[in-house]
Amino acid sequence: MHHEEPFKDRNVSENSAYYYVDIEAYPETGWDKFKQVVKRTFSGELFVGLWVVLREMIKFDIHTVQYPKEKLPIGPRYRAVHKLLRLWESGYERCIGCGLCEKICISDCIRMDTRIDENSRKEVTEYSINLGRCIFCGYCAEVCPELAIVHGPRYENASEQRAHFVIKDDMLTPLDLLKAGEQAEYPGFGAIIPGSDASVKKTPLAY
Amino acid sequence: MDVAFIIETIVKIVVILLIFSALAGFGTYFERKVLAFMQRRLGPMHVGPYGLLQIAADGIKLFTKEDIVPQNVVKPIFKIAPVITAATAFMAAAAIPFWPQFTVMGYTVHPIVADINVGILYVLGVMAIGLYGPLLGGMASANKWSLISAARSAAIFISYEVITGLSLLAPLMMVGSLSLIDINNYQAGGIGNWIVWSQPVAFILFWIAAFAETGRTPFHLVANDHEIIDGFGTEYSGMRWGLFFIGEYANMFFISFVMAIIFLGGFGDGTIAGAIQLILKVAFFFFFFLWTRAAWPDVRPDQLMWLCWKVLMPIAVLNVIVTGIVMMF
Ligand code: SF4
Ligand code: SF4
């Protein structure tokens, strides 16, 4: 799924496809203006315009995406509604309740509650994101040390209730889906970039 | 005046009203589709097959929408303005022969409401009265965009009346009659007899003026969405706005008929083939209105005035003089 777009040099330079448009000098005298009008009238520019649109109509190369029926693919690092993931092996929640996401969130919209459970493990009892305030900046996913909170690809978040999508039960991968192996470990925002092992280098110790 | 004549006339009026109101609806559908295809879109698709029922949806919407009369408008004038536009558009249709005469069960039907001897003068005159729709509607709206639009429409319509009148003068001198049926019969000999060949300049001028008269795209400044919202229609809603709309589209159809009859031979010798040709010519002119809307930019009001008074009017006058000289010798 990982793919890199080649870098497009959008600066104007000799070997780019972009160039400055020639702008003719503005007419100064009345005679110049008249000549410009005559030239524009008889140079057939109007008919070029007519031809271009007619050609497009005949080619019938329609670019409309009929949205609810057809959808455009979204980028793998698209930042849509969050998901809380589980550990593959044990099914435990990945979130360790460190609170970093809550701390970094610039809209202050993450709210969580934790407690120490019977095994002296920190357990997250409440975790909610107020999507009405979230600006989908992705900081929470970026900062999470456990890859627990990520941005999913679901951008259609219309619902009957504001509270939908935002509480922990809505975001957390359900256990049955996890068992069925359906937790999407996509290379989304906050996830490890595929092939990142190869790019790990030893920390240089010698100065 | 016998009863049969009155009944026949009323039937004709009702038929014309119904057909062209419906055509105005279909006109919007075609416009949206043609524009969409030219811009690589699909246009209306969801209401009915290929969006065909969109017209019905629009109609229902317009009819059931709340009729808002804003607080500060001049109410009687505000209310009457759309009616003027729609009514004059249809009144102009009275002198247009839409079809050659035909015989149904031994009864000869003339598909023209009134073959008056000043036909074209009447058509242009009544269409010119249509100016009062945008003008009064815009002035009564208590809205600055509407006011600008009213001023523009007054300036444009009056200026371009000059062009329509002068450009038509030359063909009329050749025909020697103002009746559209006489003009049509003058060209009955076939393509070679079409007035467009002897009066190409007049044809182009009239065509250009037709765009100004109907307020279509290169000259769409009376209701230019991106600068003055909907111009005179800004404060209107529901069916009042719909009347403006019907008037505009009916006008486009009627002016297409007029152009086809005066310059392109109309229905020719009056056979079925000629009648079908007339429909095709009108369809082409109507399509051209939509086509230019996709292709051409709008001109500024001052450019429009410049074009009218400094370019088109001198050419029209020259055309009349040259025609007169040629006819004299
Ligand atoms: S995406 Fe940004 S705003 Fe939204 S919860 Fe995360 S950190 Fe907060
Ligand atoms: S940063 Fe990650 S692990 Fe820490 S509380 Fe947030 S979701 Fe849980």
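Each chain gets a letter, A, B and so on, in the order the sequences are listed, and its residues count up from 1.
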*Any side-chain heavy-atom pair from B:Phe37 and A:Ile62 closer than 4.5 angstrom?*
yes
Please list every donor-acceptor pair closer than 3.5 Å that links chain A with chain B, giving the two atom names and the distance for each.
unit_1	atom_1	unit_2	atom_2	d
A:Leu46	O	B:Trp296	NE1	2.9
A:Leu50	O	B:Trp291	NE1	3.0
A:Glu56	OE1	B:Arg40	NE	2.9
A:Glu56	OE1	B:Arg40	NH2	3.4
A:His63	N	B:Arg40	O	3.0
A:Thr64	OG1	B:Leu42	N	3.0

Turns out that what part of A:Ile58 lies under 4.5 Å from chain B's heavy atoms comes down to neither
- Heavy atoms from other residues, nucleotides or ligands near CZ of B:Phe26 exceed 12 (cutoff 6.0 Å): no
Quiz prompt | A:Tyr155, OH: over 12 other non-hydrogen atoms inside 6.0 angstrom | solution = yes
Are there over 12 heavy-atom neighbours, none belonging to B:Phe284, within less than 6.0 Å of that residue's CZ? yes
Correct closest heavy-atom pair for B:Ala294 and A:Val53 would be O-CG1, 3.8 Å
